[in-house]
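Worksheet for the structure shown next.
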Amino acid sequence: MELNISISGKEESERLVSIIQLGLLSVLEKEIISIEEAEGYLFNPFTVSKLERYGLSKEVIDIIKEGCELEDIQSLMPEKLLSNIIRLKEQILSNIAVMPSPVLPTEKIIK
């Protein structure tokens, strides 16, 4: 699935990516998915470069960059993995709280 991002839809795209980040970290926190799976979906350098080209905010992209580091944390400091996931989730919630709400109805993502 490719994310269609236009300048007018940038804020809505940032909100959607943030919600996806939150979901991935939530299931990762509960050990429902692996870090490798989360990296495959979103937390990888390819996604970072693609979203930078689309002009998404630094705050949204920084969460993905930090998500890319979770595997390193797991292998080098496993005792810090959970606290890092929780910290990232809190940051995402803070990011979403200050994002403008979309004009409803929002455009359908799956067409």
Side-chain angles (χ1 to χ4, degrees):
M1 179 169 74
E2 186 165 322
L3 190 59
N4 264 341
I5 299 177
S6 64
I7 296 302
S8 62
K10 184 170 118 17
E11 290 170 342
E12 191 172 335
S13 296
E14 288 173 345
R15 191 173 179 89
L16 176 61
V17 169
S18 295
I19 291 167
I20 293 168
Q21 292 170 340
L22 188 59
L24 283 172
L25 288 168
S26 294
V27 294
L28 192 55
E29 176 184 12
K30 301 293 182 189
E31 299 180 356
I32 295 170
I33 67 169
S34 66
I35 289 175
E36 292 79 17
E37 187 175 355
E39 287 174 338
Y41 291 129
L42 189 70
F43 298 125
N44 60 70
F46 175 78
T47 302
V48 169
S49 75
K50 195 97 160 156
L51 296 181
E52 284 175 338
R53 276 187 269 137
Y54 287 136
L56 265 64
S57 73
K58 178 183 181 327
E59 293 79 13
V60 171
I61 292 171
D62 283 349
I63 296 289
I64 297 173
K65 287 179 180 177
E66 289 194 55
C68 294
E69 299 169 1
L70 291 174
E71 190 171 36
D72 292 337
I73 293 169
Q74 182 183 44
S75 63
L76 300 173
M77 301 173 288
E79 71 282 358
K80 295 191 181 229
L81 180 61
L82 183 59
S83 63
N84 271 278
I85 291 171
I86 292 169
R87 180 185 57 76
L88 287 173
K89 286 175 56 180
E90 291 300 320
Q91 183 60 52
I92 295 164
L93 290 170
S94 295
N95 291 350
I96 293 171
V98 298
M99 289 177 179
S101 295
V103 175
L104 299 176
T106 59
E107 186 163 339
K108 301 197 178 8
I109 343 174
I110 300 176
K111 299 175 186 179

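Note that these values count all heavy atoms, side chains included, but never hydrogens, waters or copies made by symmetry.
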Note to self: Once rounded to the nearest 0.5 Å, what's the spacing between atom CD of Gln74 and atom CD1 of Ile85?
What the structure shows: 8.5 Å
Check: Would you say the side chain of Ile86 lies within less than 4.5 Å of the side chain of Leu25, judging by non-hydrogen atoms?
Finding: no
Next item on the list: Mind checking salt bridge (Lys or Arg N to Asp or Glu O under 4.0 Å) for Glu66 and listing every partner two or more places apart, or none if nothing turns up?
Entry: Arg87
Item checked: Sole candidate of Ile96, Ile20, Val60 that passes side chain to side chain contact (heavy atoms under 4.5 Å, CB included) when paired with Arg15 -> Ile96
Note to self: Are Leu56 and Phe46 connected into the same hydrophobic cluster when the rule is that any two of I, L, V, M, F, W, Y join if their side-chain heavy atoms are below 4.5 Å apart?
What the structure shows: no
Margin query: Hydrophobic clusters here meaning ILVMFWY residues chained together by side-chain heavy-atom distances under 4.5 Å, can you tell me if Ile63 and Val98 are in one?
Written below: no
Note to self: Would you compute the distance between atom OG of Ser26 and atom CG of Leu88 and round it to the nearest 0.5 angstrom?
What the structure shows: 11.0 Å
Check: Do the charged groups of Lys65 and Glu52 touch, with an N to O distance under 4.0 Å?
Finding: yes
Item checked: Backbone of Leu42 reached by a side-chain donor or acceptor of Thr47 within 3.5 Å -> yes
Next item on the list: Pick out which of Leu24, Ile19, Val17 makes a side chain to side chain contact (heavy atoms under 4.5 Å, CB included) with Gln21.
Entry: Val17
Margin query: Using side chain to side chain contact (heavy atoms under 4.5 Å, CB included), reason through Glu79 and Met77 one step at a time and then give a plain yes or no.
Written below: CA-CA 5 Å; Glu79 71 282 358; Met77 301 173 288; 3.8 Å; yes
Next item on the list: Apply side chain to side chain contact (heavy atoms under 4.5 Å, CB included) to Glu59 and list each qualifying residue two or more places apart in sequence or on a separate chain.
Entry: Ser57, Asn95
Next item on the list: To the nearest 0.5 angstrom, please state how far the CD1 atom of Ile64 sits from the OG atom of Ser18.
Entry: 8.0 Å
Next item on the list: For residues Asn44 and Gly40, report the shortest heavy-atom separation together with the two atoms involved.
Entry: ND2-O, 3.8 Å
Note to self: Please find the pair of heavy atoms, one from Pro45 and one from Cys68, that lie closest to each other, and give the distance.
What the structure shows: N-SG, 3.9 Å
Check: Does anything in residues 27-47 pair up under salt bridge (charged side-chain N to carboxylate O under 4.0 Å, His left out), and if so which pairs, sequence neighbours excluded?
Finding: Glu29-Lys89
Next item on the list: Answer yes or no: is there a side-chain heavy-atom contact under 4.5 Å between Ile35 and Ile73?
Entry: no
Notebook entry, point to check: Are Leu22 and Leu82 co-members of a hydrophobic cluster defined by side-chain heavy atoms under 4.5 Å apart?
Noted result: no
Note to self: Using 0.5 Å steps for rounding, measure from the CE atom of Met99 to the CD1 atom of Ile92.
What the structure shows: 9.0 Å
